Structure formats: structure tokens, C-alpha cells
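Remember, it's a predicted structure, so these values are computed and weren't measured experimentally. Each chain gets a letter, A, B and so on, in the order its sequence line appears, and its residues count up from 1.
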Amino acid sequence: MKSVLVLFAHPKFEHSKTNKALVSKIQNREGVTFHDLYERYPDFNIDLPKEKELLKAHDVVIWHHPFYWYNCPPLMKQWIDVVLEFNWAYGPEGNALQDKKCLNVITTGGAREVYCSSGNNHYSVNEFLRPFEQTARLCGMEYLPPFAVMGTHNLSKENLDTYVDQYDELINALQEGKTFNITKECEFLNDTLLLNKKKEA
Amino acid sequence: MSGSILFNAIVLLAGAVICVPIAKKLGLSSVLGYLLAGIIIGPYVLGFIGNEGEDIMHFAEFGVVMMLFLIGLEIEPKKFWEMRKTILGMGGAQVILTMLLSYFILILLGLDWQVALTISMAISLSSTAITLQTLKEKGLMNTTYGASSFSILLFQDIIVIVMLAVIPLLAKTDNTSSVDQVTEGAHASLLDSLPIGLQALAVILSVVLVVILGRYVFVPMLRLVAKARVRELLTASSLLIVVTISFLMELVGLSPALGAFLAGVVLATSEFKHELESTLEPFKGLLLGLFFMAVGASINFIVLSTYPLTITGLLLGTILLKGIVLFIVASIFKIKLDQKLLLTVGLAQVGEFAFVLLSFAFDLRILNTEQLDMMLVVTALSMTIAPILGIINERLILPNVGTKQAEKRPVDHIAKAHKVILVGFGHFGSTVGRFLRASGVEATILDHDSNRVDLLRKMGFEVYYGDATRIDLLESAGIAEAKILICAIDNPDVSIPFAKILIKKYPHLKLMFRAKNRYDAYELLELGIEDVYRESLETSVKMAGDVLTNMGHRKYTVHRQSQKFIQYDEEMLRKLTERPKDTKEYIFKVREEIKKQEEQLEEDLKRGIIDDTRQWNSDEMRLAAKKNS
């Protein structure tokens, strides 16, 4: 079974219904380390050796965060800046993260439709996530498409429950090392057949 | 003229009001100011106070009682128990050695053995009032010197009971009238008629009684009084406690000062510790002042001019002998040289108990008038000279002995370029200094604890030893080219005057001051110091924050709230600082402080709960989205 590290960054987690629900199911799964960054480092003082140790001990790294201003909250960026050291995570001798899997799990207030060239936000989520994609690539990790819960401003209870289950299934699939059937059109992991299997059946 | 109480009061108060500030201005201790005031208003200079000086002294001895009560309040029973070895060891050694030496010298001088023994007992005691007052004023209570002095003085307070019991046995028994005087005398007590064994039992019982009274009578009484919410009642009950204890102790023939000390220790763990301290403090101060003035006034200059050589000889001999014994005792207990010198000089005077012992022995006709007068003069003079010797010791001898004031060491140019002076390297200052050093800034340190100074020098710090409020020491530490001075002194009574000196002498120096609490912070801010650091602020906010975390609040939210609260509190502190200048004096302080607290709580109410829900909260966006759809 592959081990999964969920790096979770939410400055106001107590106010986020969506994230509370998402986290609830996967938080205590066996083989999952749920790492609540804002709770662990309220003063942004990240424990570097500890973080490196955690990364080394896991096969899958998830950046789980709300999508603020087309980006992650500041502590997540701080984490990237501090932890992904030269000649450890990248650089000629940096191979600590080689071949690990990596992805973003994000929540956005706006619906999927506004994230496209014709929508208010002009670019797709995948385009906005390019820095993460490249970061993962530079560290030798395999970057997967994001798992996105969108339109949280208008999310119904039923839809949220579906997302919660999907997230759990996603973690399960990652743990079992299943390969995702990623097509060119596939923007989000949500869309892959694997996860939608149940719906179809 | 001398009959009028009001006139006497005017003379004494005026004497104090004029002389003490002058002494302080000259950098001398207040004790010396009071003593000089006493001499000036006494019978031989201005003659305002005549023979009633002695009555005043008896009355003012109550100040010593109060002082010991207040000291007791600061010593918790556990700490007192830990001190027992030093008290018995150092105190015992000091009293026994002094008595032995002086006894043999006096016998060699041809005195009767009874007289020699009485005088040697009187000589062996030092002045609790002078020593402790000086220690407190200089903030040296917690040094080796302070603790040793205190232990010795405490032992003397205990042993004086034994001495008072022994003196009647020295009286020549063939003289019947003396026996009458014993029973009539001031120190006749209930116990005198009892056999020795029962006396000892009674002494133990009365100690137990003090403890029981403290726990089960005084504390409930104070609670009751506190509920009544009448401020002067608290003052009344504080005084009642001290007076009651003194009365009980005198009744059984124990030293009231010792009883008061015990009561203080018992009450040290009660919730009224600080209330008692703040109510009794002014009384203690005034009565002690009165006591010192009475001592000054009691110096008999006629006796002095009749036997100038004998008295000078006796005085110097006594101080020398006491000093030598103290030095030996301190050496046995392995005290460092400079602390040893402080102790030697600090306790070399003859104390107030000598007045009591000598007069008692005179009543019993052990001493004749001539001997009594001479010894009284010697005692009073030694008390006057002691503070002067202390000053000589501090200014001239100490800087050249043991821990040197400064040590030559190559100063690296980086540290020199932006020089920082750190005053005080206790718990607070050491953290500041260590952090600076960890960041590559070597501060020049000033500290008055020689043990610490030696250690710091070993660790490669540039350290100056001595009283930082002395300009010459500051100068040699290089204050002229310093950019920043950090004051981490614990005692606001030292740090605030220090701030005043610095502002006046070095207006361009950046001052960063530690403040004990918000009231000290107000004072420092008023002086114009902008960088004031309250030691209690961040820690208590951190604690409150951790409470919230334990109740399930998110740490990051609590972190932000805490930072906001600290910022708000600092702003409010500065806002409340602006107040009229003339209300700064001590009398208004308590009232001012309460008013400030009230204003502060009102501001809190107006402000309500710290709220930053707008950030990262999508409720509003959600509403807007609903409207659009």
C-alpha cells in the first residue's frame, strides 16, 4: 500500500464547510498522514528537518488548499520555499522526491464555467496551476491532474457528499497504486473513469 | 517647647523631608540622610529634640517589626526551611566568634566578667534596620551577600531572646532592689517566673500560636474585611495583625521582630500577600525613618567630647573586630571575595538591639552610667558610620578587588561599529543577550553580580562589573559611542531613576527598557522612552492563546488574534499615558493605577471581541452569488 501525505493549508479552516466535509472522511484513513499546516505552524516557522522526514516517508504528496487569488494560501507557498531545498529536492544531487506522485486538491468558490478563456477568470484551473506542475516536475515527481471541488458558493449538500466520497475514492486509488486513465481532455482527476465508475454503474 | 507633640512631629518630618532628598541627591542611602537629620535636630546641634529621643526610638522600633513582617511576606515557608542551615551556621558562627573575641579583649581591658559578657553580647548584634533597608534600596536582596546578611540577622533576632533571658542571671544577686526592677522593667514577661524548661516550652508554643493565628485567624479576618470593601479597614487590619503579634511576643518575652517575621512567612502564601505589602510599606518606611532619626538624635556628644579617644578607640575596635569575624565566617562559607567584603562592611555596625540589651543591663545595675553612655554612643556612631564605610567600600575598594570592573579584551570591529550596551544579565537580560549573540551582535554587558560576571567573561562576553547607574562605569563601558542601551533591570525603583539619568546625560542614545508591568511602562513612556517592553504582556497573551487552543480554537486564528491583541494593548498603553504631569507623585499612584485599569477595561468593552472573520470568509461572496443566480 502506498502512503499518502496530505499537506493541508487553510487559514480559516473552522469557517470552511466544504473543506471540513472533504477532510472528514480521509483524515483518519490508515496510511494517510493528514498534515494540517496552519495548525502546526501558526507562526509560519516551518520545521524543515521534520518536513523532509515526512516527505521521505511517503509515496504520494497532496497539496490540499483553497484556491485563493488563483494560488495557494501563503503558508503553503512558504512550505514550498522552505522545504524544497536545492540539492535535496532539486538540483544536481537533489533526488529525494524522485518518482513520488504529486497533485493539488483544491476548492474554488467560482464554478467550473468561469475558469476558461470565455469566463470571468480567463484561464483554466490547470493553467493557473502551472507553477505547481513545474515545481513537481523539477523535483522529479509525477504530477497528476488536480482534484477540484468547484463552485463551493452554491454547492448543494448532495453534491458535496459526492465530492467527499470521490476524494475518499481518490485516496484509495492512490494507495492501491492504480493508474489513472488520463486523456488529453481530462482536466481534473474527478473526471477520470475510475472515479466516476460508481456514478455510471 | 519639647512638650508639644505637633511641634515634635513638625521637626521630625521637616528633618526627614529636607535631609533625605539631599542625601539621595549626593548618591547616599536614605538611611544616612535620616541619621544626619537626627543628629541635626538632636539635643547637641539644634536642640529641637531633647530627652524624648529615647521614647521616639522605642516607638519607632516598631518600624523594624514591620520591616521584618514585610520581609517574612516575601519568604515562603518552604524557602525559609531551606535557609535553616545558613541561618544556624553563619549566624551562629558570627555571634559566637564575635562574643568570644570581644569578651576576652574586654576582660584584658580589666572589666568585670559580667560587664564584659553583656557588652560582648550587645556588640555581636548588627543592625537589621540599616542593613535590610540598604539591601532593599539597592536591590541586592537576592545576591549571596543579601542572603547571607539576612541569615545572620535572622539568627541574631532569635538569639537576642536568649540574651535577654541570660542578662538577669548576670545581675549581682546581693542587690535586692535590682530584683524589683526586673519585675517592673520593660522586659519583664510572663515567663520570668517559670522554670527554664517551661520557658522553652512556652517559647515553642507561642511560635505555634503565631502560625495558627496566621492561618486560621488572620486570613479569615482579611477575607471578611476584603468583602466589606472599605479600603481603610484593610489598612487597619494589616496594622492590627502586626501590633497583635508584637504584643503577644512581648508578653511571652520574645522579640516582636521575630514574631512579625514568622507571621509574615505564614501569610506569604495567602492571597493577601500583596495587599498587606502595599498597605504596610509606607508605615514601615516612615517608622524606620523615625527610628534612624532617633538613633541620630541619641548620639551623646557630651560623652563623646569627654572621652573622645576612648570612644574612637572603642568604635574602631568594635567595627574592626566585627569586620574580621564576618570576613572569617564568610571565608568558612566560601563566599566570593567581593561579596565577602560587602558582607564584612555591611554588618560591621552595632545594631538597635544593643540599645535594648544595654539599657536592660543598666536597669539591672550590671553596667554603670558611664559604661552605658559610652556604649550607647559607640552603638549610635557605628550605625552612622556604617553606611559611610559601605560607600567607601563600594567606590574605592570593590572596583579593585576580585571581580574587576572591566577586563581588557580585544573588541572585534563589527561589535564596535554598532555598539549595544546591555544592563542587567538576569533571567530577562540573559535571554536578550543570548539572542543577540546568536544573531552575531555582541553586547557590552553591565551587571552587579560578580559570580555572573566571571562566568560571562569566561564565555567571552565583554562585561563590566558594578552598579550601572554610576556614570563613570557607563563611561568606561563606552556609552559615549554606543547606539543602543538595553535596560533589563528587574527593579523599577532602580531602572526608572536610571532612565532619567540617561535621558539627561545622553539624549542621543536609543533607550530600550524592560518594564515590570504596565504602570512602570506608563512612567517610562512619560519620560519619553518609546521602546518599552512589558515582561508580562506577551507571555500572558500566549497563555490565554493556549487556553483558546485547548478549547478547540484553531492555532493560526489564535495566533493572529494574539498579535492583534498585543498591538491593541500597546496602542492603548500609549493612549492612556497622556495624563497631567503633576499627578505623578506616589500618593496618587495607587488611585491612578486603579483609574487606569478602569479606563482600560472600558476600552476593552467598547472594542468587543477581536474579529477578523472577513478574511477568508466566503459568506458574503456566497450571498452575492445567490443573488445573481
Side-chain angles (χ1 to χ4, degrees), chain A residues 7-23 27 34-47 65-69 71-79 106-115 119-121 149-157 159-160, chain B residues 431-432 434-441 533-570 608-629:
Chain A
L7 295 165
F8 176 74
H10 198 309
K12 206 83 186 186
F13 184 38
E14 64 268 51
H15 283 233
S16 169
K17 289 185 205 93
T18 314
N19 276 294
K20 261 189 259 176
L22 284 174
V23 161
Q27 193 172 18
F34 179 76
H35 191 29
D36 187 346
L37 291 178
Y38 272 97
E39 186 70 359
R40 179 72 174 73
Y41 305 118
D43 50 3
F44 279 50
N45 185 18
I46 289 167
D47 182 350
H65 58 89
F67 207 48
Y68 288 154
W69 287 105
N71 214 321
C72 61
L75 183 54
M76 181 73 91
K77 180 63 164 62
Q78 175 91 340
W79 182 94
I106 59 167
T107 53
T108 67
R112 195 162 175 170
E113 308 85 73
V114 296
Y115 284 91
N120 275 341
N121 289 326
V149 178
M150 305 189 74
T152 55
H153 291 167
N154 281 323
L155 201 59
S156 69
K157 175 83 175 66
N159 283 339
L160 180 59
Chain B
T431 313
V432 176
R434 281 173 45 224
F435 182 50
L436 288 178
R437 182 176 236 205
S439 316
V441 175
Y533 300 86
R534 279 173 285 158
E535 59 182 71
S536 47
L537 175 65
E538 315 238 330
T539 320
S540 34
V541 172
K542 169 116 182 41
M543 189 176 181
D546 285 352
V547 171
L548 289 173
T549 310
N550 272 306
M551 289 171 69
H553 288 237
R554 293 275 296 173
K555 278 193 185 136
Y556 183 63
T557 307
V558 170
H559 181 72
R560 282 172 55 85
Q561 306 261 68
S562 305
Q563 285 176 330
K564 280 195 169 180
F565 186 84
I566 289 169
Q567 191 191 350
Y568 151 77
D569 200 71
E570 293 280 14
I609 292 171
I610 310 171
D611 188 24
D612 64 346
T613 41
R614 275 182 69 85
Q615 277 96 21
W616 309 301
N617 189 347
S618 39
D619 284 347
E620 285 177 50
M621 285 184 255
R622 200 167 287 150
L623 268 176
K626 283 228 171 81
K627 258 184 213 160
N628 286 341
S629 62

**Lys20(A), NZ: over 12 other non-hydrogen atoms inside 6.0 angstrom** = yes

**Complete:** In short, Glu39(A) meets Lys555(B) closest at the heavy-atom pair OE1-N, 2.7 Å

**Fill in**
Output for pair (Thr557(B) OG1, Phe13(A) CZ), nearest 0.5 Å, gives 11.5 Å

**Asked** What do the steps show when you test Arg554(B) against Asp36(A) for salt bridge (Lys or Arg N to Asp or Glu O under 4.0 Å), and what is the final call?
**Response** CA-CA 10 Å; Arg554(B) 293 275 296 173; Asp36(A) 187 346; 2.3 Å; yes

**Message:** Heavy-atom cut-off 4.5 Å, strictly under: side chain, backbone, both or neither for Ser16(A) against chain B?
**Reply:** neither

